[in-house]
Number of protein chains: 2
Amino acid sequence: MMNITIADLAKVTGLAKSTVSGVLNNKEGFSAKTRQKVLQAAEKYGYVPNEIARGLSSNSTGSIGLIIKDITNPFYNHMTKGVQEVAEEHGYTVFLCSSGESHQAEIKHIQAMVRKRVDGLVIAPLLEEVSFDHIFALNQKPVPFVLLGKIQGLECDTVEFDDYGGGRQAAELLLESGHTRIGFVRGLSTSRASKLRFEAFADTMRQRGVPIDEKFIFDGAKGLRTASPQVPGWRKQKRRTALPP
Amino acid sequence: MMNITIADLAKVTGLAKSTVSGVLNNKEGFSAKTRQKVLQAAEKYGYVPNEIARGLSSNSTGSIGLIIKDITNPFYNHMTKGVQEVAEEHGYTVFLCSSGESHQAEIKHIQAMVRKRVDGLVIAPLLEEVSFDHIFALNQKPVPFVLLGKIQGLECDTVEFDDYGGGRQAAELLLESGHTRIGFVRGLSTSRASKLRFEAFADTMRQRGVPIDEKFIFDGAKGLRTASPQVPGWRKQKRRTALPP
DNA sequence: TTGTACGCGTTATCAG
DNA sequence: CTGATAACGCGTACAA
């Protein structure tokens, strides 16, 4: 029950490999008879083109890599959905890799994607308290990539968020509603988003002359407990379900 | 800035391709000097093995395909996380495909995965009101797969859920708490899980002699609105965030 | 210990 | 219009 190849098809139809390949790729210039023969044989034997082989000669794989932190985080799974929809529209498939907030995992995944010769990469990297050597190294390679967040001194495509602005808006909303005892839950120390949002919050509070009570500042939140169903007893299931990165 | 190959390394070191390959694959029987030379050159020129080429001759890709309905559904993203963790432990990478409740998309994705010659496939297929021809066809091919849910007349690996039991338990819990005006929100008609849960609910109600009020039965729920952050304005963003399949 | 030749499945380039 | 042949990058026998 091996996979049938173009050579097999050539043998059974009595044609040459190149002819079979041509017909299968809808090239011009083949007699209707030949076309028929090839197509019928392909159908009959359940021929499925081997994209690995195709990729080797065409030097492209039709795959892109997406490296995120945690697929159970709604921010990332919505983003993944979007990436996937667009990829699909363009005939691409996506490799999903989760770094799980581990710098080592991030490095490993990027290398794996390069080994698999993806046609492109979308990366949501850890942005604080880590080195970016692996990203600079990636930049020396032929594979194009987009980063979620800017890296100092690296000229490349990025998607950025106004985390400072968001933090300010949130603080202002609460202050304008007349609140003064406002708390803040910070995320992991590797999250630049969390850092910026907190800075904005602190700046806004200071500007309005409202003191921050340290009792209400928390650190290292890895997620929000939600009402989401959980896969019961899945290993040491780390919950990390609703906090944007 | 092309990708560097084993042949390039052979050229710059003045060694043979097979020597380079041997060293890179940690084979026995090479002088320390040769080893050094190869490793240094590989490092210097940023050599990254081409898994496409490797896959072509080894007839394996180190990738598995995962076909689910919607990655923003917590049931599926937790499942995806699990699949991914195990895959990674074994040195595999996963292709993520979302069928989005479309039978056509499911078929298309399965074919794409076969073309990409994944080493295996995990599929959460639509189970009601659809044909299974594509699954039977898949079963004729060399690629192993696991299904979420059983298909009549198909001998293959499956993972199953006790949806009927769950529906019964839920009904019993409410009845035993003294409730009688109980509603039920059914999912899509292609969801067997939803169908079975409703049957269990209806059976339980009947057995207890509690009448079902049709006013409280709803159909076609595609998701639960949650407090999850949304990617704002992402196309016609269909929300489908928290209902198990 | 090292080098050569072939196969993996496709595509592309030439001849016929 | 069709057929032979050479890449593509790697592994793996086999030979030197």
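Note on naming: letters A, B, ... go to the chains in the order of the sequence lines (proteins, then strands), and numbering restarts at 1 for each one.
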Quiz prompt | pair A:Asn3-A:Asn50: side-chain heavy atoms closer than 4.5 Å | solution = no
Exercise. List in chain and number order the residues that pass side-chain contact (heavy atoms from CB on, under 4.5 Å) with B:Ser102, two or more places apart in sequence or in another chain; answer none if no residue qualifies.
Key: B:Gln104, B:Ala105
Quiz item: Can you find a side chain N or O atom of B:Asn25 that sits less than 4.0 Å from OP1 or OP2 on D:dG11?
Solution: yes
Practice problem: Let me know the distance between NZ of B:Lys11 and C1' of C:dG3, rounded to the nearest Å. | Solution: 15 Å
Practice problem: Could you pick out which residue, B:Leu56 or A:Gly29, lies toward the 5' side of DNA chain D when each is mapped onto its nearest nucleotide? | Solution: A:Gly29
Quiz item: What pairs with A:Asp119 under side-chain contact (heavy atoms from CB on, under 4.5 Å), at least two apart in sequence or on another chain?
Solution: A:Ser60, A:Thr61, A:Tyr92
Quiz item: Below 4.0 angstrom from OP1 or OP2 of C:dT1, is there any side-chain N or O of B:Thr19?
Solution: no
Practice problem: Provide, to the nearest angstrom, the distance between the CG atom belonging to B:Asn59 and the P atom belonging to D:dT12. | Solution: 13 Å
Quiz item: With A:Tyr45, which residues qualify under ring pair (Phe, Tyr, Trp, His ring centres under 6.0 Å), at least two apart?
Solution: none
Quiz item: Who are the side-chain contact (heavy atoms from CB on, under 4.5 Å) partners of B:Ala137, not counting sequence neighbours?
Solution: none
Just the table, please: protein N/O against nucleotides 12-16 of chain C N/O, every pair under 3.5 Å.
residue : atom : partner : partner atom : Å
C:dA12  : OP2  : A:Lys27 : NZ           : 3.2

Practice problem: Only counting residues at least two apart or in another chain, list the ones meeting side-chain contact (heavy atoms from CB on, under 4.5 Å) with B:Asp8. | Solution: B:Ile4, B:Thr5
Self-check item: Distance-only polar pair, side chains of B:Lys116 and B:Ser63, donor-acceptor under 3.5 Å
Solution: no
Quiz item: Just how far, in rounded Å, is P of D:dT5 from CD1 of A:Ile6?
Solution: 17 Å
Please report, to 0.1 Å, the donor-acceptor pairs under 3.5 Å made by any side chain of residues 146-159 of chain B, with sequence neighbours excluded.
residue  : atom : partner  : partner atom : Å
B:Lys150 : NZ   : B:Leu154 : O            : 3.3
B:Thr158 : OG1  : B:Glu160 : OE2          : 3.1

Quiz item: More 5' along DNA chain C: A:Ser57 or B:Ser57, using each one's nearest nucleotide?
Solution: B:Ser57
Exercise. Send over the distance from A:Leu24 CG to C:dT10 P, rounded to a whole Å.
Key: 8 Å
Exercise. Can you tell me the distance, in whole Å, between the CG atom of B:Asn26 and the C1' atom of D:dG11?
Key: 15 Å
Practice problem: Take the protein atom CG of A:Asn3 and the nucleotide atom C1' of C:dT10, then report the distance between them rounded to whole Å. | Solution: 14 Å
Practice problem: Could you check which residues of residues 36-54 of chain B get a heavy atom under 4.0 Å from DNA chain C? Sort them by number, please. | Solution: none
Quiz item: Taking five pairs at each end of the helix from C:dT1-D:dA16 to C:dG16-D:dC1, what angle separates the two helix axes (nearest 10°)?
Solution: 50°
Quiz item: With a non-hydrogen cut-off below 4.0 angstrom, is A:Thr34 in contact with a base, only sugar-phosphate, or nothing?
Solution: sugar-phosphate
Tabulate below the donor-acceptor pairs under 3.5 Å that side-chain atoms of residues 36-44 of chain A make, not counting sequence neighbours, or state none.
residue : atom : partner : partner atom : Å
A:Gln36 : OE1  : A:Gln40 : NE2          : 3.1

Do any side-chain atoms of residues 125-136 of chain B form donor-acceptor pairs under 3.5 angstrom with protein atoms, and if so which ones, sequence neighbours left out?
residue  : atom : partner  : partner atom : Å
B:Glu128 : OE1  : B:Lys195 : NZ           : 3.0
B:Glu128 : OE2  : B:Arg192 : NE           : 3.0
B:Glu129 : OE1  : B:Ser189 : OG           : 2.8
B:Ser131 : OG   : B:Asp133 : N            : 3.2
B:His134 : NE2  : B:Glu106 : OE2          : 2.7

Quiz item: Which residues pass the ring pair (Phe, Tyr, Trp, His ring centres under 6.0 Å) test with B:Phe95, sequence neighbours left out?
Solution: A:Phe95
